[in-house]
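Before any comments, here is the structure.
The residues of the chain are indexed from 1 along the displayed sequence. Ligands are counted one by one from 1 in listed order, and the atoms in each one are counted from 1 as well.
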Amino acid sequence: MEADKVLEEIARQVVVCTRCMLHHSRKNGVPGEGPANAEIMLIGEGPGFYENEQGRPFVGAAGKYLDELLQKAGLRRSDVFITNVVKCRPPGNRDPLPEELAACSDFLERQIEVINPRIIITLGRYSMARFFPNVRISDVHGQARWVRGRMVIAMYHPAAALHQPSLKLAVERDFARLADYIQQARQSPQVAAKTEVSPERVSEDNKPEDNAPMQLSLF
Ligand code: URA
């Protein structure tokens, strides 16, 4: 099936999903948006108030700031695919619970498989923990590592910089390095093999093998 059709099917499943308690309080599920062949995928934490209202990711204050950060890195929002680890708003913007992350994980997994991005940018610790479970964001923010043929860059969540002005400089410095990372990723042959993806889950056997780290700013 074509990638955009698979993404549409995933989105249809997200908006009617009842796999966890978050569906009781959601107004709109937020599957994510962007080109089906995006080279770069951004993964945030979960929808907030405005995202829940509109069914679109990063449309509130953090989203506006993210747009600015992307622009400074030479990227347009329309070029990247943006989604979250949980697709429905945790009430009061609380942290997602382990069972909510687990229930939603399959949607993100399938989005990654079908988009097959060369670069994944994690925004905040929940998204980071999917790829790097035992690290602290304060130790690794702004750094990259190859994971299964993709460059994964761990960033602070843009909302963190809005709430803690002391982080703003670090966030802006990290995003300022993005263009260099993108350049390095484009020059690298280490790209995940494209797997044939159906709207259903792809088996573990079809996933590309882990690749050795490259000489980047590694952790
Ligand atoms: N914060 C997130 O993590 N995701 C959104 O979509 C909006 C705010």
Checking a contact table here: which protein heavy atom is nearest atom 2 (C) of ligand 1, and how many Å away?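 For this ligand atom, the closest protein heavy atom is Gly46 O, 3.0 Å.
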
Which residue supplies the protein heavy atom nearest to atom 1 (N) of ligand 1, what is that atom called, and how far is it?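 In this structure, atom 1 (N) of ligand 1 has His157 NE2, 3.2 Å as its nearest protein heavy atom.
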
Answer yes or no: are there more than 12 heavy-atom neighbours, outside [X] itself, under 6.0 Å from its atom [atom1]?
X: Gln71; atom1: CD; result: no
X: Gln187; atom1: CD; result: yes
X: Tyr50; atom1: OH; result: no

For [X], take its heavy atoms, then give the atoms of ligand 1 lying under 4.0 Å from any of them.
X: Glu45; result: 2 (C), 3 (O)
X: Pro57; result: 6 (O)
X: Gly44; result: 3 (O)

Answer with side chain, backbone, both or neither: which part of Glu51 has a heavy atom less than 4.0 angstrom from an atom of ligand 1?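 Just the side chain.
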
With a 3.5 Å cut-off and sequence neighbours excluded, list the donor-acceptor pairs that the side chains of residues 32-39 form with protein atoms.
residue, atom, partner, partner atom, Å
Glu33, OE1, Arg56, NE, 3.0
Glu33, OE2, Arg56, NE, 3.3
Glu33, OE2, Arg56, NH2, 2.8
Glu39, OE1, Arg186, NE, 3.2
Glu39, OE1, Arg186, NH2, 2.7
Glu39, OE2, Arg186, NE, 2.9

Starting from Val80, can I reach Val59 by hopping between I/L/V/M/F/W/Y residues whose side chains sit under 4.5 Å apart?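 Cluster IDs for Val59 and Val80 differ.
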
Are any of the N/O atoms on Asn84, whether in the backbone or the side chain, positioned under 3.5 angstrom from an N/O atom of ligand 1?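 Between Asn84 and ligand 1, an N or O pair is found under 3.5 Å apart.
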
Would you please indicate yes or no on a ring centroid separation below 6.0 angstrom for His157 and Tyr65?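 No, ring centres 6.0 Å or more apart.
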
